[in-house]
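Quick notes on the structure that follows.
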Amino acid sequence: MKLRMNHMNANRAGFQAMLALEEASKKMGLDPLLYELIKIRASQINGCSFCLDMHVTDTRKLGESEQRLALISVWRETPFFSEQERAALALTEAVTVISAQGVPQELYDEVRAHFSESEVVALVMAINAINCWNRMAITTGMFPGCYEA
């Protein structure tokens, strides 16, 4: 595998803008574990191996179980995720593939049952941030270990 370009060096202003989005979304008050679950699920949907590897690693460092990590992609079929996590994962899926059906009112209502308006904004910002990172990583050919290779 070959990295197409190092986007961090190719356009520092663009990279700094992405970092600013990431840092702002991290500071909006979401639980760090929930934040990482969002990152993993969006990266799975988008097929971003670099981000998936990074966020699975980060989630392990937070103490997440291997069982839950292995089952995030099929969270609906397992009893291992809380109702709040389920709402966030469902929103992550809807926003990541937003052109398919938008965010249905029923889903929005479920999310609001578990999160304040401020937290909903934080969720959407976290989802947007990882979708931006996924698109940058996939476009530039990033893969796990590409900066060590």
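Hydrogens, waters and symmetry mates are skipped; everything else that's a heavy atom, side chains included, is used. Everything numeric in this text was worked out from a predicted model, so none of it was measured.
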Main chain of M8, side chain of N6: is a donor-acceptor contact present, judged purely on distance under 3.5 Å?
yes

Minimum heavy-atom separation for A129 to E22, with atom names?
CB-OE1, 3.7 Å

Sort out for me which residue in L107, I130, V103 forms a side chain to side chain contact (heavy atoms under 4.5 Å, CB included) with V95.
V103

Could you tell me the separation between the CD atom of Q16 and the CG atom of L21, rounded to the nearest 0.5 Å?
13.0 Å

Chi angles and distances behind the side chain to side chain contact (heavy atoms under 4.5 Å, CB included) call for I72, V56
CA-CA 10 Å; I72 293 170; V56 166; over 6 Å; no

Can you tell me how far apart CD1 (I38) and CD (E85) are? Round to the nearest 0.5 Å.
10.0 Å

Could you check I138 against F50 for side chain to side chain contact (heavy atoms under 4.5 Å, CB included), going step by step and ending with a plain yes or no?
CA-CA 8 Å; I138 292 167; F50 181 87; over 6 Å; no

If Ile, Leu, Val, Met, Phe, Trp and Tyr residues are connected whenever their side-chain heavy atoms lie under 4.5 Å apart, and connections chain through other members, are V74 and I40 in the same group?
yes

Salt bridge flag under 4.0 Å for residues R112 and E119
no

Within the supplied structure, the quantity of interest is the number of heavy atoms (other residues, nucleotides, ligands) at a distance under 6.0 Å from E77 CD; does it exceed 12?
yes

Could you check whether E110 pairs with R86 (Lys NZ or Arg NE/NH1/NH2 to Asp/Glu carboxylate O, under 4.0 Å)?
no

Nearest-0.5 Å distance, CG of residue L62 to CG of residue L37
9.0 Å

What I'd like to find out is whether the side chain of V121 reaches to under 4.5 Å of the side chain of E117, using heavy atoms alone.
no

Derivation and outcome, side chain to side chain contact (heavy atoms under 4.5 Å, CB included), residues E66 and R60:
CA-CA 8 Å; E66 290 300 316; R60 280 188 183 111; 2.6 Å; yes

When rounded to the nearest 0.5 angstrom, what distance separates OG1 in T59 from CE in M54?
11.5 Å

Between E36 and K61, does any NZ, NE, NH1 or NH2 come within less than 4.0 Å of an OD or OE carboxylate oxygen?
no

What heavy-atom pair brings A137 and C51 nearest, and what distance separates the two atoms?
CB-SG, 4.3 Å

For L3 against F143, the heavy-atom pair lying closest together
N-CE2, 3.8 Å

Heavy-atom pair with the smallest gap, counting every atom of W133 and H7
CZ3-NE2, 4.1 Å

Does F81 belong to the same Ile/Leu/Val/Met/Phe/Trp/Tyr cluster as L69, with side-chain heavy atoms less than 4.5 Å apart forming each link?
yes

Can you establish whether the number of heavy atoms outside E106 located under 6.0 Å from its atom CD is more than 12?
no

Less than 4.5 Å apart, any side-chain heavy atom of I45 and any of N134?
no

Would you give the length of the straight line joining atom SG of C132 to atom CD1 of I127, rounded to the nearest 0.5 angstrom?
12.0 Å

Under a 4.0 Å N-O cut-off, is there an ion pair linking E64 with R68?
yes

Testing the basics here: between Y35 and L30, what is the closest heavy-atom pair and its distance to 0.1 Å?
CD1-CD1, 4.1 Å

Which atom of R41 lies closest to which atom of L89, heavy atoms considered
CB-CD2, 3.7 Å

Side chain to side chain contact (heavy atoms under 4.5 Å, CB included) between L91 and F115, intermediate numbers included:
CA-CA 12 Å; L91 183 64; F115 296 96; over 6 Å; no

Grouping I, L, V, M, F, W and Y whenever their side-chain heavy atoms are under 4.5 Å apart, do V124 and I98 come out in a common cluster?
yes

Distance col, row M142:CE vs S49:OG, nearest 0.5 angstrom, shows 9.0 Å

Taking T96 for its side chain and E93 for its backbone only, find out whether a donor-acceptor pair lies under 3.5 Å.
no

